[in-house]
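A note on names: the letters A, B, ... follow the listed sequences, proteins ahead of strands, and every chain is numbered from 1.
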There are 2 protein chains.
Amino acid sequence: VVTLAEKLIFVVIDGLGDRRCRSLFGKTPLEAATKPFLDFFAKNGKVGLVDVVDPSIPPTSESGIFSLLGYDVLKIKIARGPLEALGIGIQPSDELIFRSDFATIRDGIIVDRRAGRIKEGVKELEKEINEKIFLDDVNFIFKSTIAHRGIVIFYSDKFELSEYVSDTDPGATGVPPKLCKPLIIGENEVRTAKAVNEFIRKSHLILNFHKVNLARKAKGLLEANYLLLRGAGIGLPKVRKLPEIYKKFWNCISGSPLEKGISRLVGMNVVDVPEATGDIDTDLKGKAKALFDFFEDYDCFFIHIKGADEAGHDGNCELKKEIIEKIDGEFFSEIFSNVNLRKTIICVTADHATPCELMKHSNDPVPILICGGKIKKDEIDNFSERSCMKGSLGRLKGSSILELLMRELGK
Amino acid sequence: VVTLAEKLIFVVIDGLGDRRCRSLFGKTPLEAATKPFLDFFAKNGKVGLVDVVDPSIPPTSESGIFSLLGYDVLKIKIARGPLEALGIGIQPSDELIFRSDFATIRDGIIVDRRAGRIKEGVKELEKEINEKIFLDDVNFIFKSTIAHRGIVIFYSDKFELSEYVSDTDPGATGVPPKLCKPLIIGENEVRTAKAVNEFIRKSHLILNFHKVNLARKAKGLLEANYLLLRGAGIGLPKVRKLPEIYKKFWNCISGSPLEKGISRLVGMNVVDVPEATGDIDTDLKGKAKALFDFFEDYDCFFIHIKGADEAGHDGNCELKKEIIEKIDGEFFSEIFSNVNLRKTIICVTADHATPCELMKHSNDPVPILICGGKIKKDEIDNFSERSCMKGSLGRLKGSSILELLMRELGK
């Protein structure tokens with residue numbers, strides 16, 4: 001009798017993939033990192049490379065995750081605002097929801113799109129915006145989520161808000177923020193864009209002179225005096241849910257609103273972990289604890305770990321290496337100690353590469369390892385972009401991974 | 001300067017209200033219980049009685065909770081299936097979802113609607129049902145949630161499922177289960193009911209001869225050999241969300257799928273607490289810990305505590321008294337020790353009474369206490385059905401409570 005593995009632990013390390021770094025003597029952060037546990041899993045399983053969305057397309061966080069969960073991202077309407085709202089527990093229905101970022105703007109020019117990755121004081125800024133701003137035609141609520149990140153929810157009894165309005169985030173510094181504009185010609189689109197611009201203008205006034213920002217300026221920190229908006233959407237895309245496709249039940253462990261939202265949309269339960277900030281200082285031991293606290297209750301676990309991506313965006317190779325070492329030492333060590341590999345499939349990969357030299361997402365393929373259950377080992381004994389090139393998994397398409405993993409669980 | 005309270009802890013004790021019990025020498029379980037912390041809060045605040053939905057209507061769990069959260073339950077389409085699905089992390093879209101209960105049926109007659117409150121072995125039964133049943137026209141997935149409770153999700157690419165089909169749970173023992181029937185005349189309704197009945201018939205066959213049930217029989221336990229279905233629905237009702245109404249952010253701490261689902265629907269985040277089983281043995285300390293783990297991140301906390309309701313349904317006055325004592329000693333003691341009452345409003349009430357003498361929900365009003373912040377005390381120094389009759393809050397309507405509490409937070 002062949003006993004199949006019963007559980008799957010699917011770990012996505014945000015922005016893990018990278019390129020050779022000069023400051024790491026020509027190694028990638030993953031190669032340079034001391035990561036005995038990841039190497040153990042690679043050595044006892046198979047490795048390969050993944051084109052997460054398509055070899056020619058740098059994945060966004062959202063398209064990367066949807067693809068890794070088996071969905072064809074070209075067929076799903078993905079708006080980041082409603083997904084992040086769902087991630088923090090707000091069910092989108094008829095509201096227009098944007099993802100927002102606190103940014104620093106001086107003389108009309110964006111100096112930093114993340115306001116120095118502000119953490120302290122964001123709740124005070126949130127409170128002031130919610131209490132002091134009144135818009136002519138619509139209601140809104142602003143919710144800061146993690147650090148500079150947040151969402152803005154617009155709703156109205158006076159007219160039907162439209163999602164066909166543009167981002168205000170130009171995606172670059174050194175330029176002015178954009179105005180929100182109608183993407184199609186229509187009265188609702190014009191009124192919606194007008195309301196969004198009114199919100200941005202009024203919030204800028206309040207933020208610019210808020211004591212939190214005056215204090216930041218005095219300390220030489222970048223002030224959070226502007227809200228950049230993007231990813232507007234109303235409602236959620238309809239997708240067939242993972243439990244309906246594979247008859248397995250999933251639990252997501254992530255601190256990040258977007259990944260939590262996508263996980264909820266595809267039918268996973270989501271566990272909130274205290275101090276899983278979804279950021280560089282995220283509590284990795286807390287994530288491992290949550291995994292084992294709920295291990296009996298679900299078949300599959302989707303674990304999303306941030307940190308490496310942020311270091312890549314900041315172009316900091318050494319930090320990225322250190323974060324990978326921290327993830328190995330605090331998270332994968334716990335998997336190593338507590339998981340019966342005969343009964344559990346482990347898969348580790350990334351949603352995209354964030355090469356430090358580019359400081360943004362790239363279309364480079366990302367490494368993947370799978371081990372456990374009946375999976376045979378190949379000859380590769382460590383986990384890196386280069387070693388995975390020679391792995392027996394070859395080059396996979398992101399959206400095919402889940403089917404492959406499910407087969408190991410007997411689907 | 002008047003400083004308003006900043007936080008709200010809103011605790012709903014499921015089925016708390018009761019009537020005089022002979023075995024408690026004419027006291028109610030709440031009166032008979034030793035509960036120093038609840039009495040402390042009552043003594044230092046105001047008390048009263050609540051008609052949760054209406055003086056003439058015994059609330060269901062769902063109508064009670066919606067009402068306590070300020071909604072007019074007569075205006076919301078409430079189907080329990082989709083709400084419980086949402087509670088366990090499945091976003092209802094186009095699926096037909098039922099709430100299910102493992103029951104015991106012998107010679108075609110329902111002997112127990114909860115299969116002796118079965119706990120052990122439900123995951124094995126779930127697995128067998130999901131793996132061994134194939135229906136002609138539709139797909140399904142069955143998920144056991146807590147103890148005898150579960151949901152069944154039907155979906156189909158062949159025809160449009162209809163929610164206008166009847167429950168199979170007659171709500172009583174000593175009678176046969178009902179067939180699922182179309183509630184309106186239409187092809188989709190007929191096909192839907194046919195598929196549901198096919199599922200029930202096939203699952204009964206599998207359950208009746210499953211080794212988990214043979215073992216239960218051998219031990220003299222009630223076998224879980226039938227699934228009673230109720231609360232069918234497709235999709236979720238649209239409601240204005242609490243954060244949009246009051247500009248406050250909410251966190252729900254509950255182990256119970258229905259309450260988690262309702263909380264998600266109204267815009268709360270929901271924290272999963274390990275071992276918060278939503279049942280008599282629920283981990284109350286875990287709930288208190290979750291409250292304080294996330295205390296800084298939210299303005300308002302909705303905490304739902306089960307146990308008292310189950311004892312009421314089972315007609316067990318002594319157990320109900322003991323459970324109230326446990327809730328006081330393990331949960332409210334932590335609130336007492338860790339909360340700054342000057343800055344925090346506390347409200348404790350129930351979603352309905354479950355009098356032990358009736359063994360079901362009643363339309364009796366339920367006790368309520370509020371304290372903290374600027375709330376003055378009245379002359380009542382303990383918390384019970386009778387003492388609350390004389391409280392200064394008088395007799396409140398369930399749906400008016402939240403507005404009253406929000407005013408204390410400066411809304």
Do A:K247 and B:F140 meet the cation-pi criteria used here (NZ or CZ under 6.0 Å from the six-membered ring centre, within 45° of the axis)?
-> yes

Within a strict 4.5 Å, meaning less than it, do heavy atoms of the A:N269 and B:D272 side chains meet?
-> yes

Which atoms of A:N139 come close to chain B, meaning under 4.5 Å heavy atom to heavy atom: side chain ones, backbone ones, both, or neither?
-> neither

Count the heavy atoms of every other residue, nucleotide or ligand shown that sit under 6.0 Å from CG of A:N340, and state whether that count exceeds 12.
-> yes

Would you indicate whether B:K202, at its atom NZ, is surrounded by more than 12 heavy atoms from other residues, nucleotides or ligands within a distance under 6.0 Å?
-> yes

Interchain contact, A:D299 with chain B, by part (heavy-atom threshold 4.5 Å) = neither

In short, B:I90 meets A:P243 closest at the heavy-atom pair CD1-CG, 4.0 Å

Nearest-0.5 Å distance that lies between atom CD1 in A:I88 and atom CG in B:D297 = 11.0 Å

Closest heavy-atom pair, B:K241 versus A:S93, reported as atoms and distance to 0.1 Å, is NZ-OG, 2.9 Å

So, the part of A:L242 with a heavy atom under 4.5 Å from chain B: the answer is neither

Heavy atoms only, distances under 4.5 angstrom: which of B:K238, B:E244, B:K143, B:K127 has the most pairs with chain A? Name it, please.
-> B:E244

Nearest heavy-atom neighbours spanning B:F294 and A:V273 | CZ-C, 4.1 Å

Sub-4.5 Å side-chain heavy-atom contact between B:L86 and A:Q91 | yes

Heavy-atom distance under 4.5 Å to chain B: side chain of A:I153, backbone, both or neither?
-> side chain

Under 6.0 Å from the NZ atom of B:K77, do we count more than 12 heavy atoms belonging to anything else shown?
-> yes

Is B:R240 salt-bridged to A:D94, cutoff N-O under 4.0 Å?
-> yes

Pairing of A:E296 and B:K123 as salt bridge, 4.0 angstrom limit | no

Taking the side chain as C-beta and beyond, is there a heavy-atom pair between B:I141 and A:F249 under 4.5 Å?
-> yes

Who wins among A:C252, A:A290, A:G267 for the most heavy-atom pairs under 4.5 Å with chain B?
-> A:G267

